[in-house]
Amino acid sequence: MPLRILVWNEFVHEKTDDAVRARYPDGIHACIARALAEHPLLAGAEIRTATLDDPDGGVSDAVLSDTDVLVWWGHMAHHLVPDDAAERVADHVRRGMGLVALHSAHFAKPFRLLMGTSCTLKWRDGDRERIWTVQPGHPIAAGVPEHFELAEEEMYGEPFDIPAPDELVFLSWFAGGEVMRSGCVLWRGRGKVFYFRPGHETNPTYHDPNVRRILGNAAAYVAPTSWSGPFEAPKAEALEPKR
Ligand code: ZN
């Protein structure tokens, strides 16, 4: 069965800001969907897009039941995502759906629900970012150099208030001096979340070949495992007679 990927974007900046539309004329979601479609690991995958204006915020239960990996970009419309939509996303992740949360999705409702923390960080627009691969053997780092630069990015800096990541793949340094855990895997129930830091809407980040490779690697990595499914808490019989 092909991997089913849904790229979700609030799709607000592109309609209201000429600078953003110039970078992403069809929307950030379309650019990300093309990056995934071009990735060799995802050959044959079904890649769809959804936006906030779609029914049920683009993430109805039927849509999520048909999704193995959800990629989420949001920024100025976090508060317009219905609470029940965020709960549905979090629930599907706990049962095995993968989630790739991008850039300002650190403040997206589903991400905050899954983290259980404030997800706060420092920020400053207009900086230069150097991304270091700190776990070169990790599948999400496959084909990614030891370090690469994004000449124009927004700075996000520590402390980043998330639980300690289960796997730390990338670390960012900024010309202003800050650092940030910028590629983090966190298991939630039976699902995996990958938070990836870069992707400010006025910068050409999702056109960068290293970023596009990481997006595809990440979508493949967070795909559900055989452990997916509903949770049960059965009473267990002893495996052998007690003495
Ligand atoms: Zn930003």
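We count ligands from 1, going down the list as the structure has it; atoms in each ligand are counted the same way. All values below were derived from every heavy atom in this structure, side-chain atoms included, with hydrogens, water molecules and symmetry-related copies excluded.
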Item to check | Closest approach to the Zn ion (ligand 1) by H103, given as the N, O or S atom name | outcome: NE2
Next on the checklist: Restricting to N, O or S, what is the name of the atom of E154 that lies nearest the Zn ion (ligand 1)?
Outcome noted: OE1
Next on the checklist: Can you tell me how the ring of Y195 sits relative to the ring of F111, calling it parallel under 30°, perpendicular over 60° and tilted otherwise?
Outcome noted: tilted
Item to check | NZ or CZ of R212 within 45° of Y206 ring axis and under 6.0 Å | outcome: no
Checklist outcome for this item: Which atom of H200 is nearest the Zn ion (ligand 1), counting N, O or S only? It is ND1
Item to check | Spacing of CZ belonging to R130 relative to NE2 belonging to H147, to within rounding of 0.5 Å | outcome: 6.5 Å
Next on the checklist: Would R197 and Y156 count as a cation-pi pair here, with the cationic atom under 6.0 angstrom from the ring centre and within 45° of the axis?
Outcome noted: yes
